[in-house]
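Here the structure is laid out as structure tokens; the discussion comes afterwards.
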Amino acid sequence: MPGIEIHYLTKKQFSSIVTSNPFIGKVHTLADSIDETIRNLKAENFDLVIDLHKNLRTLKVKSALGIQSFSFNKLNIEKWLMTNLKWNFLPDGHIVDRYVKTTSATGIINDGEGLDYFIPEADIVSPQSLPAFLHKGYFGLVIGAAHATKKLPVAKWIEVCRQLQHPAIILGGKDDFDAGEAIAAADYSKIINACGKYNLHQSASLVANSKVVVSHDTGLMHIAAALRKPLVSIWGNTIPEFGMYAYYGKHNIPFFNMEVNTLRCRPCSKIGYDQCPKTHFKCMNDQDTSLIAGKANELFLQNL
């Protein structure tokens, strides 16, 4: 909106995601002391606070600033009922639309353009720097996730890769490197392991140049949506009904959510665990790899 300057407060490790956003005037990072953070924020003389995190720390910040604020409804009760009792009182719709609703009293509306992600020029990866077999198009396979119960097992990824009809780049962090090596070994002639070799912006650049992305419910999935890439997203212990599936706004980009919907234990968490609480991990072990690969191949053909 004209005449509005937007500042953004986040943890230091996440600041690089938004520093290149031209719509954000200044990015603040949480200092070692919350009191120091508050002093820095007070110096800016803000008019309004939009709190999308709504925890004890942001409550302290809002209270100290003493200005008008609006807070996001995290639906913790509804999520607890869904994960513990499987009673679904969750609202329809995406979390982005609920975020925007938090600002509705200010006159801010959703422009329908979906998410934004801005890649700094220095981090753009030239397609010509990649192996020649990738130059005619490739899948981006995102194998990382914050929690183990959101990850498709390596053996299942190998099954997917063997059924893909086009080359692929495996994307993830340094912790995913060994898993990426094992998956790439399924067919070195058409798969490369890029896990841990590129920073987040560079990985986003590889996503931007991909034809189709196959991903867990994780950050690069949302970046892929922001870059308007067709998606096959694989869901383990969490569910799209929490509102965090791929978001494209008004743009008609094809995507598929792959889930095992026959399990009474799912969802077992609104975030994830280090291991399956039931030990069987059927939400991922029972995923149909032929269906995942088939949908990915279908989207690739549409995007040639």
Side-chain donor or acceptor of [X] paired with backbone N/O of [Y] under 3.5 Å:
X	Y	answer
Ser205	Val125	yes
His280	Lys282	yes
Ser71	Lys54	no
His201	Ser16	yes
Lys150	Ala146	no
Ser33	Asp35	yes
Asp176	Cys195	no
Lys295	Met258	no
Tyr117	His222	no
Ser63	Lys60	no

Within a radius of less than 6.0 Å around [atom1] of [X], do more than 12 heavy atoms belonging to other residues, nucleotides or ligands occur?
X	atom1	value
Leu304	CG	yes
Asp274	CG	no
Leu85	CG	yes
Asn76	CG	yes
His251	NE2	yes
Asn88	CG	yes
Asn252	CG	no

> Would you call the rings of Phe255 and Tyr245 parallel, tilted or perpendicular if under 30° counts as parallel and over 60° as perpendicular?
Replying inline: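 Because their plane-to-plane angle is under 30°, the rings of Phe255 and Tyr245 count as parallel.
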>> Ring-plane angle category for Phe300 and Phe139, please: parallel below 30°, perpendicular beyond 60°, tilted otherwise.
In response: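 Correct class here is tilted.
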Ignoring hydrogens and geometry beyond distance, is a side-chain donor-acceptor pair present between [X] and [Y] at under 3.5 Å?
X	Y	result
Asn21	Asp116	no
Asn73	Lys101	no
Asn40	Thr37	no

So [Y] and [X], do their side chains get closer than 4.5 Å, heavy atoms only?
X	Y	value
Trp80	Lys270	no
Leu152	Ile143	no
Glu259	Pro240	yes
Thr58	Leu9	no
Thr103	Phe70	no
Phe72	Asp51	no
Phe118	Pro22	yes
Pro91	Leu75	yes

Hey, could you give me the [atom1]/[atom2] distance between [X] and [Y], rounded to the nearest 0.5 Å?
X	Y	atom1	atom2	answer
Gln13	Leu200	CD	CG	12.5 Å
Leu231	Ile253	CG	CD1	10.0 Å
Leu263	Asn237	CG	CG	11.0 Å
Lys190	Leu164	NZ	CG	5.5 Å
Glu121	Ile119	CD	CD1	11.5 Å
Lys151	His216	NZ	NE2	8.0 Å

>> Under the criterion side-chain contact (heavy atoms from CB on, under 4.5 Å), I'd like the reasoning laid out for Ile50 against Tyr99: C-alpha separation, chi angles, the key distance, then a yes or no.
In response: CA-CA 9 Å; Ile50 304 295; Tyr99 279 153; over 6 Å; no
> Would Asn55 and Lys74 satisfy side chain to side chain donor-acceptor pair (under 3.5 Å), going step by step from the backbone distance to the final call?
Replying inline: CA-CA 10 Å; Asn55 60 14; Lys74 296 172 76 172; over 6 Å; no
Please find the pair of heavy atoms, one from [X] and one from [Y], that lie closest to each other, and give the distance.
X	Y	value
Ile183	Ile191	O-CD1, 4.2 Å
Lys86	Pro267	NZ-O, 3.2 Å
Ile169	Ala194	CG2-CB, 3.7 Å
Lys156	Gln287	NZ-O, 2.9 Å
Arg266	Cys283	CD-CB, 3.9 Å
Tyr138	Asn209	OH-CB, 3.3 Å

>> I'd like to know whether Ile271 forms a side-chain contact (heavy atoms from CB on, under 4.5 Å) with His147, so could you lay out the CA-CA distance, the side-chain angles of the two residues, the decisive distance to 0.1 Å, and finally the verdict.
In response: CA-CA 8 Å; Ile271 301 176; His147 301 277; 3.0 Å; yes
Hydrophobic cluster membership, [X] vs [Y], 4.5 Å side-chain cutoff:
X	Y	answer
Val154	Ile170	yes
Phe281	Trp157	yes
Phe256	Ile292	yes
Leu48	Leu41	no
Val61	Val49	yes

>> Quick check on side chain to side chain contact (heavy atoms under 4.5 Å, CB included): which of Val232, Val214, Leu171 does Leu141 satisfy it with?
In response: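 That would be Val214.
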> Salt bridge check: are Asp32 and Lys12 linked by an N-O gap of less than 4.0 Å?
Replying inline: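 Salt bridge flag = no for Lys12 with Asp32.
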> Any Lys/Arg nitrogen of Glu113 or Arg228 sitting under 4.0 Å from an Asp/Glu carboxylate oxygen of the other?
Replying inline: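 Answer for the salt bridge query: yes.
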> Should Phe23 and Ile6 be marked as a side-chain contact (heavy atoms from CB on, under 4.5 Å) after you check the CA-CA gap, both sets of side-chain angles, and the distance that decides it?
Replying inline: CA-CA 7 Å; Phe23 301 114; Ile6 299 173; 5.5 Å; no
>> Run Phe242 and Leu90 through side-chain contact (heavy atoms from CB on, under 4.5 Å) and show every step you take.
In response: CA-CA 7 Å; Phe242 286 147; Leu90 295 165; 3.7 Å; yes
